[in-house]
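Worksheet: the structure to be examined is printed underneath.
By convention in this document, chain letters (A, B, ...) are assigned in the order of the sequence lines, proteins followed by strands, and residues within each chain are numbered from 1.
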There are 2 protein chains.
Amino acid sequence: MQQKWKKFSQTLERCPMFHGLTEDEIMDYLICSKAELKEYSKGQIIISQGEKINKIGILLSGRAEATKIDPYGNAYLAAQVTESHLFADLLAAGEGKESPVTVIATKDSSACMIPWKSVLLRCDKNCHKHDIILENLIKVFSNKFFDLFNRIDCLTARKVEDKVLTLLEKHRKDGENKVILPFDREGMANYLAIDRSALSRELSRMKEKGIIDYNKNEFIIK
Amino acid sequence: MQQKWKKFSQTLERCPMFHGLTEDEIMDYLICSKAELKEYSKGQIIISQGEKINKIGILLSGRAEATKIDPYGNAYLAAQVTESHLFADLLAAGEGKESPVTVIATKDSSACMIPWKSVLLRCDKNCHKHDIILENLIKVFSNKFFDLFNRIDCLTARKVEDKVLTLLEKHRKDGENKVILPFDREGMANYLAIDRSALSRELSRMKEKGIIDYNKNEFIIK
DNA sequence: GGTGGTAGGTTGCAAATGCAACAAAAATGG
DNA sequence: CCATTTTTGTTGCATTTGCAACCTACCACC
């Protein structure tokens, strides 16, 4: 009966929520927490903007995107959800807050949905798993927080050039001058909240000025 | 000996981390978690940018500010810390991450510092307090996350007018047209990452266009 | 090897913004 | 109540940016 999780065990083990747990412990946990397996076909909405959420999700296969629609109707990509990663975690933790984003499957996907209540509650057996998981979750939250903070750092720069430099600095592994960004140009422009063509223009200028060099999403800081 | 917390009991009870606990339970917890009482005089640095933090703090009296110094040497106000509120929480949860901000006491202040390890660990007595506190903490994290998200929403608007409107919308209690912002003009400009004078100009225009009216930090949306 | 599609670069122009310097108004402290 | 300081508003100007339209390079697919 609980075989349904078996084929995803590798993916589940990679989920940061389960770091430090064995496959068996994870399986136990999923049963004890009444996790559900959900399937979504490409294009299907997983969470709607404005919806209230009480489950957290782990993407088991496929891919999803969180997009935000502003009051004027423009859609912005807010986040990518990839295999083995959590989504709706901070949302569920908000208990009653409305989702600021719409999450949509961009490929046929499956996800493990765990009721938030059972993430918080300890089970009768008083097993140690719950503690580890909560601790892991807190770590995840902290990381997401730092990510947002980093983005804000980029966004608060007043000029495109400064935004770009801040972004590069954030992705720079210490010492290295080569930086590989996880965006294409449009993604990068979106992340920095600037016009794509304005970004291209500025990148060209910066290259000409000799501050940076680049090729696609590979940048060199000089 | 543990009388040192007594005079702050009111403040501690208001701390979101302790919601749902009685005064006695809080006192117990502070002892069991080896909390320390720290005093800071006005102007003193509580946390330095770049420092690694392993305690969370509750401001018991006074006031503090988190400021961020960018690579060009400009200082930005990142957050205000007021009585009974947590600080360094997500930082401590980051375990090993460097503080992106400097926290400085803007008045003579005192704070309760709790080792992060003891926030996570359950004590021998296996008391229920720890669970409540962890749960509260997660709620706090979620709230802070939404705050950041809201700010990003403001920052990603491409025009000053849209930034202002987004900000007002976020602070609007449903139905009401009157919005009271927790900033002065400079604070507001900082939050939105725009020039103060540009903000003033745009606010005047918006008033003239009849979209809003305002007086100090009190705004009316029409 | 052609073809269609997509990502990225370029450019002109109008509009928006940063910046600096100053003016006005309000708060503060004697 | 006056003097001083702080906060807020105003304005001119140079710069930056958004926007739209178009071009080019590259890639996948037949």
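Distances from the side chain of B:K159 to the nucleotides C:dA16, D:dG9, C:dG8 place C:dA16 closest. Looking at the side chain of A:Y214, the nearest of the listed nucleotides C:dG9, C:dA7, D:dT17 is C:dG9.
As a whole-Å value, the separation of A:R185 CZ from D:dA25 P is 16 Å. Following rounding to the nearest Å, B:I194 (CD1) and D:dG9 (C1') show an atom-to-atom distance of 14 Å. B:E161 places its CD atom 9 Å from the P atom of C:dA16, with the value rounded to the nearest Å. The NZ atom of A:K163 sits 12 Å away from the C1' atom of C:dT17 (whole-angstrom rounding). The distance between atom CG of B:D195 and atom C1' of D:dT8, rounded to the nearest whole Å, is 13 Å. At whole-Å resolution of the value, CG in B:L199 and P in C:dG18 are 10 Å apart. Atom CZ in B:R201 sits roughly 15 Å away from atom P in C:dA15 (whole-Å rounding). Rounded to whole Å, the distance from CD1 on B:I212 to P on D:dG9 is 10 Å.
Between A:S204 and C:dT10, a side-chain N or O to OP1/OP2 separation shorter than 4.0 Å is present. An OP1 or OP2 oxygen of D:dT6 is reached within less than 4.0 angstrom by no side-chain nitrogen or oxygen of B:K216.
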Query raised in the report: Are A:N177 and A:R172 close enough, and set up right, to give a side chain to side chain contact (heavy atoms under 4.5 Å, CB included), and what steps lead you there?
Result: CA-CA 7 Å; A:N177 286 341; A:R172 186 180 192 171; 2.7 Å; yes

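For A:Q80, the CD atom counts as densely surrounded, since its 6.0 Å shell holds more than 12 non-hydrogen atoms of other residues, nucleotides or ligands. For A:E13, the CD atom counts as densely surrounded, since its 6.0 Å shell holds more than 12 non-hydrogen atoms of other residues, nucleotides or ligands.
Side-chain N/O atoms of B:R196 and base N/O atoms of C:dG18 include no donor-acceptor pair closer than 3.5 Å.
Under the 30°/60° scheme for interplanar angles, the aromatic rings of A:F183 and A:Y191 are found to be tilted.
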